Amino acid sequence: IKSFYLDGKKQKKAFVPASPTGRHKIAIELTGDFPSSSIDIKGYTPAPEYPSVSIKEGALVWNPINNCRYKVLHNGQIADMTEEGCYVLPKDSTGEWQVIAVDELGNLIDGDQIMAIVGNYLRAQGKLKNDTIVATVMSNFSLLAVSPIDGRYSRQTESLREYFSEYALIKYRVRIEIEYFIALCQIPLPQLADFDSSKFEALRDIYRTMTPADAAKVKEIEKVTNHDVKAVEYYIKDRFKEMDIMKWGEFVHFGLTSQDINNTSVPLSFKEAIDESFMPLLKEVLGIMKGMAEEWAEIPMLAKTHGQPASPTRVGKEFNVFVARLEEQIRQFEQLTYPAKFGGATGNMNAHKVAYPAVDWIGFGNDFVASLGLKRSFPTTQIEHYDNLASLFDCLRRINTILIDFARDIWTYISMEYFRQKVKAGEVGSSAMPHKVNPIDFENAEGNFGVADALYTHLAMKLPISRLQRDLT
């Protein structure tokens with residue numbers, strides 16, 4: 001993939017977040033080059049379009065797909081099964097209506113069934129090795145999740161798997177190793193002078209196209225090495241063998257220590273998660289606050305201090321207080337840099353200097369880290385200082401603290417009936433008192449922000465402190 005566009009805007013990654021709703025346009029521009037590995041070219045087979053439902057003249061209407069049945073749900077209960085593209089609504093009906101595509105028996109087709117279909121197809125062609133499909137418990141199966149991050153809140157946090165999962169960490173480590181090898185070729189080191197630069201993009205495809213199944217291979221290697229970064233190095237060398245370039249394989253991870261990989265891959269994943277996932281959502285929240293401040297700019301409200309009636313204020317002004325606070329913290333956050341350590345076993349580039357004394361390794365390290373969008377910490381011990389990372393955590397903690405304050409104020413306004421929450425059909429506020437609509441989203445937000453702040457505080461205080469040059473506490 002050369003370029004990836006979402007609604008006409010070029011994206012840094014070929015990735016669609018889970019948050020958009022409605023219809024969107026995706027454009028993918030290919031490089032026109034074939035990958036170095038063998039490929040099977042398949043015919044283009046579009047997936048059936050998800051039914052886009054609208055209400056016209058008292059009926060639900062959608063575009064039906066041939067040989068497809070539809071289940072119509074009313075408040076989560078089956079109302080009808082049809083092959084048509086419409087359903088006449090009962091007179092004066094209210095509530096939530098949903099249309100979903102199903103098989104001939106009315107069952108949803110899930111991932112396990114799709115795997116069985118594909119497996120049977122491959123077995124019939126004699127292409128299913130050992131007549132076996134290897135499957136794992138789905139990582140998004142929330143009932144088996146240990147933490148609510150991947151459980152109850154998995155729908156909200158799904159996009160973070162691309163940055164903070166074990167798979168993502170392995171992928172980022174492979175990315176750093178590959179880019180480092182390419183940078184050595186571009187010096188060039190004498191033994192790498194004859195490496196064909198046209199293969200650089202094929203090398204980058206190793207991490208660009210990396211799948212969880214590929215990451216699982218790294219974990220298998222780690223069972224032998226008992227060292228996660230060394231397993232990444234061996235995995236890349238295996239790929240070099242497949243590409244018939246193992247002649248240059250010993251320059252993978254040349255002169256580096258594990259922390260040169262960790263202290264670049266982790267801040268890079270953190271930076272891209274902030275830029276591509278967290279900050280757009282935070283600014284979306286900020287935009288909603290601004291909209292409310294403008295809408296309610298002239299609405300008078302009795303202010304309260306110490307919980308007691310005080311001088312009057314305006315609703316819009318109270319929202320603007322939080323807008324100003326968040327904007328200032330975002331401004332401060334955007335001034336901070338993402339630190340990275342890159343300097344060999346004890347930070348001195350010893351092996352590099354001994355092997356190639358004529359190379360400016362300090363300049364090389366600075367340029368390489370800058371090419372990743374990070375700022376190199378120099379000088380360092382074997383590990384990153386983490387002082388600047390602590391600054392990022394501290395600023396994020398302040399942003400969370402402001403949002404806790406906001407959530408508590410809105411909760412209190414609701415309790416005083418300054419605001420009322422909208423009733424959503426089918427939802428129950430209390431098992432004993434169904435008339436209630438509890439402010440659970442604000443309560444959940446306060447609790448989750450509090451847990452996050454505790455972790456930010458611990459990391460900001462712990463990471464900058466080590467026993468001499470390294471410890472794993």
Side-chain angles (χ1 to χ4, degrees), residues 147 149 160 162-166 168-177 179-180 227-230 232 253 255-279 282 329-350 352 361-362 364-401 449-473:
S147 162
I149 292 174
L160 298 181
E162 290 293 318
Y163 309 98
F164 299 134
S165 64
E166 180 81 0
L169 175 59
I170 292 171
K171 186 175 181 179
Y172 274 98
R173 282 169 168 166
V174 171
R175 177 175 167 184
I176 297 299
E177 293 277 17
E179 292 297 337
Y180 172 62
H227 195 290
D228 48 4
V229 177
K230 201 66 177 177
V232 167
H253 200 72
L256 300 182
T257 188
S258 300
Q259 288 305 90
D260 293 315
I261 303 302
N262 292 331
N263 287 160
T264 46
S265 58
V266 171
L268 181 59
S269 66
F270 182 49
K271 178 182 186 299
E272 293 187 345
I274 293 292
D275 291 345
E276 298 168 13
S277 182
F278 174 82
M279 197 55 72
L282 178 61
Q329 293 308 312
I330 291 173
R331 184 193 69 78
Q332 292 184 27
F333 186 87
E334 291 176 343
Q335 300 300 311
L336 299 173
T337 57
Y338 293 81
K341 176 266 174 180
F342 198 81
T346 56
N348 302 318
M349 288 283 199
N350 302 52
H352 296 78
W361 288 111
I362 293 177
F364 171 87
N366 292 339
D367 293 341
F368 175 68
V369 171
S371 73
L372 301 172
L374 308 174
K375 186 177 186 300
R376 186 183 180 212
S377 299
F378 181 81
T380 67
T381 62
Q382 187 182 78
I383 61 175
E384 160 63 31
H385 312 312
Y386 297 116
D387 301 323
N388 287 342
L389 196 61
S391 297
L392 291 165
F393 291 157
D394 285 338
C395 196
L396 289 171
R397 179 171 51 80
R398 291 197 299 273
I399 289 171
N400 285 355
T401 300
F449 282 135
V451 172
D453 282 357
L455 290 171
Y456 280 142
T457 300
H458 172 70
L459 291 172
M461 295 178 65
K462 172 66 190 81
L463 288 175
I465 302 171
S466 68
R467 291 168 173 82
L468 300 180
Q469 300 215 6
R470 185 81 187 276
D471 74 82
L472 292 175
T473 54

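Since the model is a prediction, treat every value here as computed from it, not as a measurement.
- Among Asn366, Asn263, Asp367, the one residue that satisfies the side-chain hydrogen bond (donor to acceptor under 3.5 Å, both in side chains) test with Arg376 is Asn366.
- If you check the side chains of Thr473 and Lys462, you find a donor sitting under 3.5 Å from an acceptor.
- Checking each of Thr257, Asn262, Thr380, Asp260 against Lys341 for a side-chain hydrogen bond (donor to acceptor under 3.5 Å, both in side chains) leaves exactly one that passes, namely Asp260.
- Side chains of Ser377 and Asn388: a donor-acceptor N/O pair is absent below 3.5 angstrom, by distance only.
- Counted within 6.0 Å of CD1 on Ile149, heavy atoms from surrounding residues, nucleotides or ligands total 12 or fewer; the atom is thus considered open.
- Side-chain rings of Phe449 and Tyr456 stay apart, their centers remaining 6.0 Å or farther from each other.
- Using a 4.5 Å cut-off on side-chain heavy atoms (C-beta onward), Glu177 and Ile261 make contact.
- Lys375 is not listed as a side-chain neighbour of Tyr338, based on a closest heavy-atom distance of 4.5 Å or more.
- Contact check for Phe164 versus Leu169: no side-chain heavy atoms found under the 4.5 Å cut-off.
- When ring centroids are compared, Phe368 and Phe342 come within the 6.0 Å threshold.
- Counting only heavy atoms from C-beta outward, the side chains of His458 and Leu455 never approach each other to under 4.5 Å.
- Aromatic ring pairs are classed by plane angle as parallel below 30°, tilted from 30° to 60° and perpendicular above 60°; the pair His352 and Tyr180 is perpendicular.
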